[in-house]
4 protein chains.
Amino acid sequence: MRQSDENKKIAIGKAAIQLINSVGFDGASISKIAKVANVSPATIYTYFENKEDMLLKLYVMVKKELAIALLQGLDESLDIKKGIHLMFESLIAYSEKNIESFAFKEQFANCPLVANVCEDEELRAVIEPLKSFIEKGKRQNILKEVSIEYIGAYLFHPISTLIKRKYAHQEKLTEEEKNLMFAMGWDAIRK
Amino acid sequence: MRQSDENKKIAIGKAAIQLINSVGFDGASISKIAKVANVSPATIYTYFENKEDMLLKLYVMVKKELAIALLQGLDESLDIKKGIHLMFESLIAYSEKNIESFAFKEQFANCPLVANVCEDEELRAVIEPLKSFIEKGKRQNILKEVSIEYIGAYLFHPISTLIKRKYAHQEKLTEEEKNLMFAMGWDAIRK
Amino acid sequence: MRQSDENKKIAIGKAAIQLINSVGFDGASISKIAKVANVSPATIYTYFENKEDMLLKLYVMVKKELAIALLQGLDESLDIKKGIHLMFESLIAYSEKNIESFAFKEQFANCPLVANVCEDEELRAVIEPLKSFIEKGKRQNILKEVSIEYIGAYLFHPISTLIKRKYAHQEKLTEEEKNLMFAMGWDAIRK
Amino acid sequence: MRQSDENKKIAIGKAAIQLINSVGFDGASISKIAKVANVSPATIYTYFENKEDMLLKLYVMVKKELAIALLQGLDESLDIKKGIHLMFESLIAYSEKNIESFAFKEQFANCPLVANVCEDEELRAVIEPLKSFIEKGKRQNILKEVSIEYIGAYLFHPISTLIKRKYAHQEKLTEEEKNLMFAMGWDAIRK
DNA sequence: CATGAATGAGTCTTCATTCAT
DNA sequence: GATGAATGAAGACTCATTCAT
């Protein structure tokens, strides 16, 4: 029996992300993805149940990857502002190393299709340390009394949007922009 | 009696926005839109060059409408924080009165198709008062030295996202949420 | 506005029946039918909702046509055996003039897809005279006390099967075969 | 423990017949059959040359099985009418014990694909006793001078159709129906 | 012998758009 | 100006079959 080829699955995922970034989910047809991934359209269906399933699986994968990158080096003992800043920089670093994945994630962040993905068990577990770090900040009276969604909305979302916009013009963030955005985000969430 | 021309155009626009909100741009086919608007598919082409043109025109229209609503009552003589707060409340008020248009605008805010729409001449003009109000705030040393995009990113974007999410669950903003978000946004942009 | 073209619908129906006869329902793909009918595949969908709807509509049409042919000349005052023989001959005559339609009907006579077609209102009405003729035969103590389905099963079904088989070999019924089959059918149903 | 080869072939045949009965020949895809039979799609090709070959082999198999059942107990010395009746009852008995096989056979009785199967050598041999029994009936001047096909058409076909129809509604034949149909069939073929 | 992976060809259907009236 | 008919191209997906193990 022929062996399942993990490389093939990766190639398909990469092709899909690339195409979805450039022409959108509906524009990225199965046959186009197949062509880019250098497989037959039918082959895609041996790795994913259908197009929507593919999107979902890729989204969860990228989201998990990003979460892990974000939390790299985060330590309960870290000073709150320093920890927050670390994550802020990690986000930027990740986006620069994985710009395609990053753009892909951004595109679907607010898509109804993936709305309930957050309830993915594994993903929840990965995010746990972030949550407790924030909680600590609130207990120390350093951060405002807000749920984690708000942290995302003011700390991560604006910078993500900017990165995405720069990417569209094939530009990169300047040091100045990073500093400004961190300052604004920090002011928004700190007490 | 056959409806007059302008009514027909409005009916098409409304149908398109409704459908795009519920099934996405690609899901909202010309013939479906035509059916909802009670016209022939061919008729749509007497009002718009093609589907993409339709999206663009509707987007600009809504964006302008929103900009006008936002600036309603804004006066150069107004205290900076009060002016900012006024716009913040106007945004919410608009979204509650025009939830379909609002959701439509949000859906395409980050779509490459409409990326260059900001350069629409008329739109630029409408936004002018906002710009000069912000400039005043900076001159008065009340606001941070940031371009207008950042104001949007911290003051309008997070609340818009929340409204959209609430809308998806058919909920509404609470007074508490509004206050919190204004506080965070204001802290982000003020000096 | 372009006029609906009845010829086109007929061409599609004819092509469909022809193809279904020679390669079966599943073998007769929409695109093959379109090619034979000399229209675009999409055009078929302006005349029929979908493939199944097409089959059903064609089946009802043919069935009605056949029923009308069968009852041609049937008169309540006719002698029972003569009336039965008239229908028997009409069936053969119809099959010889409309062999494609006839074969098509036969193919689907027992197909679950069209099982409930008999309940088609119009069809029911068309068949009414046949029913009352049979009833008369039973009242006159000439025919066995059986429901109309049995009449079909012994009088019409065997001859239809034979016609179909002959058609497959491009042959025709002989006078002898006709006589024999009428005799057998008549003996089966008469008292 | 892996099932033995012959079991596997039987499992495939059973799965195929089942599926073909419920979704038709084209609806019963090789991979679906494989799933039901609990084998790999490729395995099916070690037992059958291709899908059509599978249908044919299964059809001949069932047909032979039925023929054997039909002739069980038939004896040259038997009274003609009794012998005919015996076969009639055997047909019913077989159909009730092997409803899936029976329905399968019926479905393809008139399919062009299997048209020439009757010329299968073995099958011919099995049917021989039936033929000579009929010949005897003709010689005794009890049966009409008709070929064996006509016996089938009037004696076996109508009852088969009724069984099939009942099966579709998950009903069974009543004693009354059996008697009536035998009477009609017998009247049709007897002199 | 048995298998799951792989695939090109094909399925039905819908699409944005144009044509003829 | 307005329309329904018409269409070639494309959509997601499944198929019978073969291949490599």
Side-chain angles (χ1 to χ4, degrees), chain A residues 1-6 8-9 12 25-34 38-54, chain B residues 2-5 8-9 12 26-35 38-54, chain C residues 1-6 8-9 12 26-34 38-54, chain D residues 2-5 8-9 12 25-35 38-54:
Chain A
M1 162 185 89
R2 211 183 283 179
Q3 284 302 314
S4 170
D5 190 345
E6 186 60 22
K8 219 160 255 184
K9 185 168 188 176
I12 292 168
F25 180 66
D26 290 276
S29 75
I30 291 286
S31 64
K32 280 181 199 154
I33 293 170
N38 214 28
V39 297
S40 160
T43 302
I44 293 179
Y45 291 87
T46 64
Y47 293 98
F48 302 99
E49 286 171 46
N50 51 45
K51 206 184 167 187
E52 188 178 325
D53 173 66
M54 188 178 77
Chain B
R2 225 190 267 178
Q3 43 185 337
S4 95
D5 297 357
K8 221 163 248 185
K9 184 167 188 176
I12 292 169
D26 290 272
S29 75
I30 292 286
S31 62
K32 281 181 199 156
I33 293 170
K35 213 161 281 171
N38 215 26
V39 297
S40 160
T43 303
I44 292 180
Y45 289 84
T46 65
Y47 292 101
F48 302 98
E49 286 169 47
N50 52 43
K51 204 183 167 189
E52 188 178 325
D53 173 67
M54 189 179 78
Chain C
M1 165 186 87
R2 210 184 285 181
Q3 283 304 312
S4 170
D5 189 344
E6 188 58 23
K8 219 161 255 184
K9 185 170 188 175
I12 292 168
D26 291 277
S29 75
I30 290 286
S31 65
K32 280 181 201 155
I33 293 170
N38 215 26
V39 298
S40 159
T43 303
I44 292 180
Y45 290 85
T46 65
Y47 292 98
F48 302 98
E49 286 170 47
N50 52 44
K51 206 185 167 185
E52 187 178 324
D53 173 66
M54 189 179 76
Chain D
R2 224 190 267 176
Q3 41 186 336
S4 95
D5 298 356
K8 221 164 247 183
K9 185 168 187 176
I12 292 169
F25 180 66
D26 290 271
S29 75
I30 291 287
S31 63
K32 281 182 198 154
I33 293 170
K35 215 162 280 170
N38 215 27
V39 298
S40 160
T43 303
I44 291 180
Y45 288 83
T46 65
Y47 293 100
F48 302 98
E49 287 171 46
N50 53 42
K51 204 183 168 188
E52 189 178 322
D53 173 66
M54 189 179 79

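Note on naming: letters A, B, ... go to the chains in the order of the sequence lines (proteins, then strands), and numbering restarts at 1 for each one.
Nucleotide dA12(F) forms a Watson-Crick or G-U wobble pair with dT11(E), both donor-acceptor distances falling under 3.5 Å.
In this structure, M54(B) places its CE atom 9 Å from P of dA16(E), rounding to the nearest Å. In this structure, E52(B) places its CD atom 14 Å from C1' of dT17(E), rounding to the nearest Å. Rounded to whole Å, atom C1' of dA5(E) lies 14 Å from atom CD of E6(A). Residue E49(D) contributes atom CD, which lies 17 Å from atom P of dA16(F) at whole-angstrom precision. Counting to the nearest Å, the C1' atom of dT18(F) and the CD1 atom of I44(D) are 14 Å from each other. Distance I33(B) CD1 to dC15(E) P: 10 Å, rounded to the nearest Å. Rounded to whole Å, the distance from CZ on F48(B) to P on dA2(F) is 13 Å.
The minimum heavy-atom distance linking K51(A) with F25(A) is given by the pair NZ-O, 2.9 Å. In this structure, A34(A) and S40(A) approach most closely via the heavy-atom pair CB-C, 3.8 Å.
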For this session: Show your working on side chain to side chain contact (heavy atoms under 4.5 Å, CB included) between N38(D) and K8(D) and close with a plain yes or no.
Result: CA-CA 9 Å; N38(D) 215 27; K8(D) 221 164 247 183; over 6 Å; no
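The side chain of K8(C) contributes an N or O atom lying less than 4.0 Å from OP1 or OP2 of dA6(F). For dA2(F), the OP1/OP2 oxygens have a side-chain nitrogen or oxygen of Y47(B) closer than 4.0 Å.
In this structure, I30(A) CD1 and I12(A) CD1 are separated by 9.0 Å, a value rounded to the nearest 0.5 Å. Going from atom OH of Y47(B) over to atom CG of D53(B) covers 14.5 Å, rounded to the nearest 0.5 Å. The OG1 atom of T43(D) sits 14.0 Å away from the NZ atom of K9(D) when rounded to the nearest 0.5 Å.
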Show me the protein contacts with nucleotides 8-12 of chain E, counting only N or O atoms at under 3.5 Å.
unit_1	atom_1	unit_2	atom_2	d
dG8(E)	N7	S40(A)	OG	3.1
dT11(E)	OP1	S29(C)	OG	3.2
dC12(E)	OP1	K51(C)	NZ	2.7
dC12(E)	OP2	I30(C)	N	2.8

